[in-house]
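The structure's right below; bear with me while I get my questions together.
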There are 4 protein chains.
Amino acid sequence: MVVSGMQSPNGSPSRRQRLVDAAHDVFSESGYDGATVAAITARANIATGSFYRYFPSKQACFLDLLDTLYGELMRAVLAARAVATDGEAKLLASVEAAVASFLAQGPLARLVAGSRHGPEPAVRARVEAVANEMARLLAKDFAELTDGQRSPTEAHAAGQFLVGGLEKLLDSALTQDPLPSPGALLPVVRQLTVGMVVGLRDVR
Amino acid sequence: MVVSGMQSPNGSPSRRQRLVDAAHDVFSESGYDGATVAAITARANIATGSFYRYFPSKQACFLDLLDTLYGELMRAVLAARAVATDGEAKLLASVEAAVASFLAQGPLARLVAGSRHGPEPAVRARVEAVANEMARLLAKDFAELTDGQRSPTEAHAAGQFLVGGLEKLLDSALTQDPLPSPGALLPVVRQLTVGMVVGLRDVR
Amino acid sequence: MVVSGMQSPNGSPSRRQRLVDAAHDVFSESGYDGATVAAITARANIATGSFYRYFPSKQACFLDLLDTLYGELMRAVLAARAVATDGEAKLLASVEAAVASFLAQGPLARLVAGSRHGPEPAVRARVEAVANEMARLLAKDFAELTDGQRSPTEAHAAGQFLVGGLEKLLDSALTQDPLPSPGALLPVVRQLTVGMVVGLRDVR
Amino acid sequence: MVVSGMQSPNGSPSRRQRLVDAAHDVFSESGYDGATVAAITARANIATGSFYRYFPSKQACFLDLLDTLYGELMRAVLAARAVATDGEAKLLASVEAAVASFLAQGPLARLVAGSRHGPEPAVRARVEAVANEMARLLAKDFAELTDGQRSPTEAHAAGQFLVGGLEKLLDSALTQDPLPSPGALLPVVRQLTVGMVVGLRDVR
DNA sequence: TATGAATGAGAATTCATTCAT
DNA sequence: AATGAATGAATTCTCATTCAT
């Protein structure tokens, strides 16, 4: 279980935090639909009804979760990009930061991937937004590092492709127990990213 | 709506085909859980109960759909690979065939991706199997074309990465209306694939 | 399977008869509710819809069955009683005829017993009527053979008791495979019946 | 309606008890299949879903009911038998206790008898077990009181016969409104039981 | 007349959400 | 504020009955 965020003065996680952590776990394990409010509150050792003191609905809880995780992801990525100078460095920095953040956050990838096609339009929209934002960032880098030799469409596709590939890799990695360390995953990811860069630069 | 397969002599699609098409659409739009049998039958203009003359359960219907689509995909991929000589050619042939098959089949990617995290283990297992099979194939190609210079882990990761990237690209493409033609998508895909190849061969 | 009643000129049972036999079997095995029209027609090798050419409804079919079987039972019982002179003889004759008829007819007892509490009032009423008619007959015998020393209430109770005991015995017997012959069952039944008679005559 | 068991402090029956009573009534009136959860909850003035807070399924509810009633029956019977010395006394004590317990419990007999042929094997099995256990007890008494002069088969048949007769008598009695008092039923029952005893002892 | 696919009303069960305590 | 029992709408699946061929 992921325990993070605010705590009560006495050091035990606050009720809200317990709920958030439990929701993260349950959503990750069961997907948006499979997750029940009862399962979440049970995992958090909290009464069912108390869920609604913290979140107006199951959907809102999920969206909250998503926003938090997404926020941390973006913060990490933007921080990493800040010290990079050219497109390729920014790209690599982004990817590495994203992977590290994912692994640190827990099953975000599964959560994200697994909810893209759920029944609730609001959920779908938000999930897509997360991935799109990241893809847009990466597309910018691709455009920059190929020096405009690739059409915007191609750059955009490359961004999406990279996001999709990472999601898959992370989804698969997050299934394993114990979680692979960033150290195990990063070289491969870097490799593949650089590969894409080289390919886009040199081919044709 | 996808209309394909057998038709009544009079040219209108058979009841079963209407059901299959409707199921395809509804599952793609709403995901496995969001799709209701009622929605499927309504879309097919068929009574609720009739669904069960054609499929023993909602799950079986979905699995059927998956198997059909997956079957066509694999058939196309394997046929394309048959005429390729080296690893790179096989890789490109596979990817191109997959893209063409996806686009021809309709929203398979969404269907597949969107069901990987549903609550039903049987569904999850089958969906994973589809993606894994494809990833395994591509990993073999990566291993071959890098002449063993990459560890099996790296080759496997590359296979997964490629599958993930394609899924994402196709997922996004299949959202657009009208559907992009294979001609519009293929060059980018080829580009990205070759990029990965070059990167894996030359880098480090 | 019980095959009885009218046949086609060529010797094979008529469609209707096949249906009746199948209904008898299926109702006996599964009870009124558990029996489905589909199961009956499948067993009779007849199309579902054809059921309704012979019976207006599942309920009517069941009632028909009941009436037929009940008719044969009563015919046998009344015939046996006709040659008996006093109450005790009539009682024994009735009981013996009923047992023989039951065993000859197949699972009537189960059918009757098993439908007394089904959801359909019409069915319940008819089933009760069958048992009540028999109980009434036997009550008359009890009254006669005790020479009026037992109140009508007692005689009636004795009739019911005897019917209930027989039903149970037969229900249990009809569960066995192969069916016990009347020869195996009759002595016990006679014994118990005579016991009741002696008891009612002599006690107190 | 049967109202028994625990009550809220304020004197109105607890929700659970209302449900149990309603289930008892509805099952008795409509049989296992005819009874719907909706009917039960409606009778108990409780929402449909609340049923499942108390019972995991309709079947479990029925089985619970059966076990409770059967438990009380056996308790009463065994208590009555404990003070009896010979076979005949035990037989009579059992029968009297059973009748009293039935009448006190409400429509158990109907419930039991009416479910012997439903489509659910688990239900059938449990119902048979109840009647068989009682029959076995009585068969032992018959064997004892005839001093081994009757074969085990005959004793067993006598036990079944007695159970069947009682079921019928009680079924019929429980249909009447108002319920006959034990005082009205017991003499007849005793009479019939003693009759069976005398018959089995003296005849042939 | 026979067929069996089609129909649709209902049944059991689940679960997000509410609310009395 | 916290609790967890209660609610009832929604969902999957069954099956008696109808009807086009």
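Nothing here was measured: the structure is a model prediction, and the numbers come from that model. The sequence lines fix the lettering, A, B, ..., with proteins before strands; numbering per chain opens at 1.
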Identify, with sequence neighbours excluded, every residue that meets side chain to side chain donor-acceptor pair (under 3.5 Å) alongside A/Asp64.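 If we apply the side chain to side chain donor-acceptor pair (under 3.5 Å) test to A/Asp64, skipping adjacent residues, the hits are A/Arg16.
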
Do B/Ser30 side-chain atoms and B/Phe27 backbone N/O form a donor-acceptor pair below 3.5 Å?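 Pair absent, no side-chain N/O of B/Ser30 close to backbone of B/Phe27.
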
Choosing from E/dT18, E/dT7, E/dT3, which nucleotide comes nearest the side chain of C/Arg15?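 Among E/dT18, E/dT7, E/dT3, the one nearest the side chain of C/Arg15 is E/dT3.
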
Kindly compute the distance separating SG (C/Cys61) from NE2 (C/His24), expressed to the nearest 0.5 Å.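 Answer rounded to 0.5 Å: 11.0 Å.
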
Identify whether the distance between the nearest side-chain nitrogen and carboxylate oxygen of A/Arg126 and A/Asp67 falls below 4.0 Å.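 Looking at A/Arg126 and A/Asp67, the cut-off is met.
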
Tell me whether C/Arg18 contacts the main-chain N or O of C/Ala44 through its side chain, where contact means a donor paired with an acceptor under 3.5 Å.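 Answer holds: yes.
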
Base, sugar-phosphate or nothing for C/Ala42? Non-hydrogen atoms, less than 4.0 Å.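 Counting heavy atoms under 4.0 Å across all strands, no contact is made by C/Ala42.
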
Look at all strands and tell whether A/Thr36 reaches a base, only sugar-phosphate, or nothing, counting heavy atoms closer than 4.0 Å.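 Sugar-phosphate contact only - A/Thr36 comes under 4.0 Å of backbone atoms but never of a base.
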
Determine the contact category for C/Thr48: base if any of its heavy atoms lies under 4.0 Å from a base atom, sugar-phosphate if only primed atoms, P, OP1 or OP2 are that close, otherwise nothing.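 Base contact.
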
DNA chain E: D/Ala38 or B/Tyr54, which has the more 5' nearest nucleotide?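 Here B/Tyr54 is the residue nearer the 5' end.
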
Please compare B/Asn45 and D/Tyr52 by the position of their nearest nucleotide in DNA chain E and report the one closer to 5'.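 In this pair, the answer is B/Asn45.
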
C/Ala47, nearest nucleotide to its side chain (from E/dG4, F/dC13, F/dA16):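 Nearest to the side chain of C/Ala47 among the choices is E/dG4.
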
Consecutive Watson-Crick or G-U pairs in runs of at least 3, all under 3.5 Å, in which DNA chain F is involved: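 DNA chain F forms these stems: E:2-21 with F:2-21.
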
